[in-house]
Amino acid sequence: MPSYTAPVKDMQFILHDVLKLSQSDVPGFDELDADFTGAILEEAGKIAGEVLAPLNAVGDREGCRLENGVVYTPTGFKAAFDKMREGGWTGLDCDPEYGGQGMPHVLATATGEFFTGANMAFTMYQGLTHGAYSAIHAHGTDAQKAKWLPRMVTCEWTGTMNLTEPQCGTDLGMMRTKAEPQENGTYRITGQKIFISAGEHDMSENIIHLVLAKIPGGPEGIKGVSLFIVPKFLVDDEGQIGARNGVSVGNIEEKMGIHGNATCVMNYDGAEGYLLGEEHKGMCAMFTMMNEARLGVGMQGLAVAEAAYQNALDYAKDRLQGRAITGAENKDGPADPIIVHPDIRRSLMDQKSFAEGGRAFALWGAEMIDRSHRAGDAEAEGMISLLTPVLKGFLTDEGFDMAVLAQQVYGGHGYIEEHGMSQFARDARIAMIYEGANGVQALDLVGRKLAANGGKPAMAFFEMVKTFCKENAGDAEFDTAFLEPLKTASKHLQEAAMYFMQNGMKNPNHALAGSYDFMHLFGHVCLGLMWSKMALAAKAKLAEGAPDAAFYETKIATGRYYMARRLPATSMHLARISSGADTVMALDAANF
Ligand SMILES: Cc1cc2nc3c(=O)[nH]c(=O)nc-3n(C[C@H](O)[C@H](O)[C@H](O)COP(=O)(O)OP(=O)(O)OC[C@H]3O[C@@H](n4cnc5c(N)ncnc54)[C@H](O)[C@@H]3O)c2cc1C
């Protein structure tokens, strides 16, 4: 079965040598010195490797069971969830006022990668709770926060997000679930939600559902949607759990992956609910936590890719097939390990350069979320808003591709279940779909984010890359390997944006037909920037004679690979974008 080792050293390198967290002016970051984060990451890594990873295949094999309205999670999940609670891992970046530890989001993102890489389906129970916590924290009244948050921080009560219905997923304006106001100020929620992750399970004493619903008589479409807190069990003013509310699980879905997470049909039959935020402003309430939630899903892509890569690497060193084209390397053995073959190397380098580059990108995103929340930095807020669809769409698409590459390293042994490699591909697949399907992320990027605020965040991004290249030029080797390719890629991104500006007004199809390519073009530029920064940091460490030179040399070599072999994808994306919508839209629907 696959194993998982948390990439603590790499995480430390990004946090301290690249992002230089403890030198930052963001409130709370001064506490994050290397000793402190090192201790936390080591501990999180231990739980990930020793407790969660061994349950990953168990969850996949057993799945969840629905019996008489109760959902049973796979063997061992409940005990592991207790361990997470006892260790305080569920409230790491939650508000101390409600029992959290008040750590920056960037640290929770780092530990979150470990937990997710070890066991994505398991970690989702906690992830969904954190999403619901954030929504209540941002929009709840003081009384609501005091009532619900403390036990969500500890995950004694878990949370869910209920948006999707059979007839509406992306287009939530078609929602039918109703919320009827009652004289006592509560609402009666009636309707059916589908595909609700962690909707019902046996690991917590209560489940706090956040449900989008329409108040009768409100505005049509998406403007008439409000958000409600709907607990599985009612809770009195003293915090005591009381009667069962009118919400029940109708079914659990059979699905491709994340079998350990219960994906539920939830039926609301006049359930008691409490308005969260303002009437008809449900989508705004959801959007405030969108950056965080989407970054979390982007992280799933890269976390699973890292786990799959680690196992593919071990296998490539172990599996003997064929001889190195340049002469046998394992002369005493019957064949060489497959890692000698250039095509296996290409695959491993693709995986490694994505996982490490993606990690830096995701942590930079989390740092911007902290910067905007803790320091009220509007520029960081604009930038993370722009980059959120890129983080979500690019990291999950690539994460899945890399999990498939890792599976391919195993040949037929990757396709059968014995080695557990198909689980990585199957689990990674959902991240491309939920939390806004990736096609819709691309639409959001090109249709909204690019032009948001007069295009200021996009201009700031281009300017940032330009300044970085200018300030760090001068070393011929670094310029050629990193800065020149980065400049070219960034130029492609600007040309693509310009194409949309010049042609999108005339015919919006020209913009939207290129949106998916634009999201990937943008993702590559971001990883190109991350690799340039990492190479620069590694160069500095080598220059100061830091121990473990091999780590820094490997960093630079991996970065050179990304810049030479992956980044040129930007010209293909630009060529596709510049060809416009004509060939895309040429056929009548009837002629397909
Ligand atoms: C395992 C699992 C867990 C989930 N967990 C949750 C959960 O916890 N809570 C929850 O509320 N939901 C959840 N979902 C639902 C998920 O978020 C939706 O499936 C997703 O948002 C897409 O909606 P849909 O399936 O209705 O697809 P549709 O909206 O019907 O979209 C179908 C396709 O059309 C594309 N598309 C749609 N509109 C446009 C457009 N305007 N332009 C271009 N392309 C478009 C989409 O990209 C997609 O490829 C989960 C789903 C699964 C499978």
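Since we're looking at a predicted model, the values are computed, not measured. Each ligand, and each atom within it, is numbered from 1 in the order the structure gives.
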Nearest neighbour in protein (non-hydrogen) for atom 26 (O) of ligand 1: G169 CA, 3.1 Å
Just let me know how T170 lines up against ligand 1, side chain, backbone, both or neither, with a heavy-atom cut-off below 4.0 Å. both
Under 3.5 Å between any N/O of I194 and any N/O of ligand 1: does that happen in this structure? no
Could you check whether atom 51 (C) of ligand 1 has a protein contact, counting only heavy atoms that fall below 4.0 angstrom? yes
Tell me whether M1 at atom CE has more than 12 heavy atoms from other residues, nucleotides or ligands lying less than 6.0 Å away. yes
Within the 6.0 Å centroid threshold, strictly below: Y516 and H573: no
Counting only heavy atoms not in Q167, do more than 12 fall under 6.0 Å of its CD? yes
Evaluating non-hydrogen atoms only, which member of L443, L212, I196 is closest to atom 41 (N) of ligand 1? L443
Which residue and heavy atom of the protein sit nearest atom 11 (O) of ligand 1, plus the separation: L163 N, 2.8 Å
E435 heavy atoms within 4.0 Å reach ligand 1 at atoms 17 (O)
4.0 Å protein heavy-atom contact status of atom 5 (N) of ligand 1, strictly under: yes
Does the gap between the ring centers of F81 and F122 come in under 6.0 Å? yes
Could you tell me whether E156 and R85 have a side-chain N and a carboxylate O separated by less than 4.0 Å? no
Flag the pair F522 / F461 as yes when their ring centroid distance falls below 6.0 Å, and as no otherwise. yes
Within a distance under 4.0 Å of any heavy atom of M161, pick out the atoms of ligand 1 and give their elements. 7 (C), 8 (O), 9 (N), 10 (C), 11 (O)
For A437, the ligand 1 atoms whose distance to one of its heavy atoms is below 4.0 Å: 46 (C), 47 (O)
Side-chain contact, heavy-atom cut-off 4.5 Å: V225 with K281? no
Looking at ligand 1, does any of its N/O atoms fall within less than 3.5 Å of an N/O of G436? no
Would you check whether E253 reaches within less than 4.0 Å of ligand 1, judged by its heavy atoms? no
Which atoms of ligand 1 sit under 4.0 Å from any heavy atom of V440? 47 (O)
Could any protein non-hydrogen atom be found less than 4.0 Å from atom 1 (C) of ligand 1? yes
Considering only the protein, which heavy-atom contact is closest to atom 7 (C) of ligand 1, and what is its distance? F195 O, 3.2 Å
Which residue and non-hydrogen atom of the protein lie closest to atom 3 (C) of ligand 1, and at what distance in Å? S197 OG, 3.3 Å
Which residue owns the protein heavy atom closest to atom 18 (C) of ligand 1, what's the atom, and how far is it? T164 OG1, 4.2 Å
Measure the distance from atom 53 (C) of ligand 1 to every protein heavy atom, then report the residue, atom name and distance (to 0.1 Å) of the closest one. I430 CD1, 3.4 Å
Basic-acidic side-chain contact under 4.0 Å: R188, E180: no
Could you tell me whether atom 34 (O) of ligand 1 has a protein heavy atom closer than 4.0 Å? no
In terms of residue, atom name and distance, what is the protein heavy atom nearest to atom 20 (C) of ligand 1? I433 O, 3.8 Å
Just verifying a value: how many Å separate N206 CG and F233 CZ, rounded to the nearest 0.5 Å? 6.5 Å
Contact (N/O only, under 3.5 Å) between N162 and ligand 1: no
Sidechain N-carboxylate O distance under 4.0 Å for D202, K78: no
May I ask you to say whether R61 pairs ionically with E417, meaning some side-chain N is under 4.0 Å from a carboxylate O? no
Please find out if less than 6.0 Å separates the ring center of Y187 from that of F228. yes
CD (E220) with more than 12 external heavy atoms under 6.0 Å: no
